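Scroll down for the structure; my scribbles are underneath it.
Treat the numbers as computed from the prediction; the structure is a model and nothing was measured. Count residues from 1 along the sequence.
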Amino acid sequence: MSGDEISLTLPADEAFHHVAHLVLGGLAVRLDLTVENLEDLELALDALLERTRQEEDITVRVRLVDGEVRTMVGPFAALRAELEHDGSNDLTLSRILGAVSDSHEVVDRDGAEWVQLTKRVETVQGAAG
C-alpha cells in the first residue's frame with residue numbers, strides 16, 4: 001500500500017469520531033501495524049478532532065510512505081497558536097502530538113491550517129522478527 005492515500009471527510013460532530021477510528025483500525029490491519037502504533041495514531045487523531053468546530057467538516061488523509069504513516073488533518077481555523085504555546089508542565093496539544101508522533105507541523109492550505117503528522121511505524125512481522 002505504500003504511497004496510496006486514504007481520505008475521509010466527516011462532520012466535526014463527536015458522534016462521527018468513531019468512524020475515523022474504524023478507518024484507522026482497518027488501515028492498521030491492512031498494513032499489519034503494531035497495536036502501539038495504532039494507539040499512537042488514535043491518540044493524535046482524538047487530540048485534533050477535539051479541536052474542530054461543530055459547523056465544519058474535517059478531513060483526515062493517511063498514507064504510508066517509506067515506513068512512515070503521514071497524516072494530514074484539517075481544516076482548522078486557528079490551531080497554530082495552540083501548537084506553539086509552551087505550557088511548560090501542562091498537557092498541551094503540542095506535548096500530546098510530540099509524544100505520539102515523530103514530527104508534527106501546521107501547514108497552510110487553501111486559507112486554513114492543517115496539521116501534518118509523521119509517525120515511523122513497525123509492522124507486526126517487523127516487530128516479531
Side-chain angles (χ1 to χ4, degrees):
M1 177 164 167
S2 185
D4 289 346
E5 180 177 274
I6 293 175
S7 181
L8 173 68
T9 300
L10 59 150
D13 187 311
E14 188 176 339
F16 292 92
H17 292 185
H18 298 293
V19 175
H21 279 260
L22 287 171
V23 170
L24 276 181
L27 178 66
V29 168
R30 180 169 179 196
L31 298 176
D32 204 23
L33 299 182
T34 65
V35 172
E36 292 81 10
N37 287 148
L38 174 60
E39 288 174 345
D40 285 349
L41 293 170
E42 288 178 337
L43 283 170
L45 185 60
D46 283 344
L48 291 169
L49 291 177
E50 288 174 0
R51 285 150 175 90
T52 59
R53 295 192 318 210
Q54 293 296 85
E55 65 275 4
E56 295 182 0
D57 290 347
I58 192 83
T59 299
V60 180
R61 293 188 176 115
V62 183
R63 60 186 280 175
L64 179 70
V65 179
D66 299 327
E68 294 178 337
V69 173
R70 297 181 186 167
T71 307
M72 291 285 286
V73 182
F76 296 96
L79 199 62
R80 180 174 276 114
E82 183 178 356
L83 275 172
E84 292 174 352
H85 171 71
D86 180 20
S88 60
N89 291 329
D90 297 338
L91 186 58
T92 62
L93 178 60
S94 184
R95 184 172 277 194
I96 293 168
L97 296 181
V100 297
S101 68
D102 293 314
S103 68
H104 63 277
E105 66 178 309
V106 176
V107 178
D108 293 314
R109 294 178 66 188
D110 302 322
E113 296 175 354
W114 290 68
V115 176
Q116 180 175 309
L117 303 168
T118 303
K119 170 84 174 162
R120 182 152 273 316
V121 295
E122 292 182 2
T123 64
V124 173
Q125 294 172 345

Pairwise side-chain contact, [X] with [Y], heavy-atom cut-off 4.5 Å (strictly under):
X	Y	value
V69	N37	no
I58	F16	no
L48	L117	yes

Point-to-point distance, once rounded to the nearest 0.5 Å, from CZ of R30 to CD1 of I6: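 Going from the CZ atom of R30 to the CD1 atom of I6 covers 6.5 Å.
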Separation of L93 CG from L83 CG (nearest 0.5 Å):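 These two atoms lie 4.5 Å from each other.
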Sidechain-backbone polar pair: E113 side chain, L79 backbone, donor-acceptor under 3.5 Å: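 Yes; at least one donor-acceptor contact below 3.5 Å.
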Side chain R63, main chain E68, donor-acceptor under 3.5 Å: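 Side chain of R63 to backbone of E68, a donor-acceptor pair under 3.5 Å: no, none is there.
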Nearest heavy-atom neighbours spanning [X] and [Y]:
X	Y	value
V100	K119	O-CD, 3.2 Å
I96	A47	CG2-CB, 3.9 Å
M72	R109	CE-NH1, 3.5 Å
F76	R51	CD2-O, 3.9 Å

More than 12 heavy atoms from other groups under 6.0 Å of CD on E56: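 It does: E56 CD has more than 12 such atoms within range.
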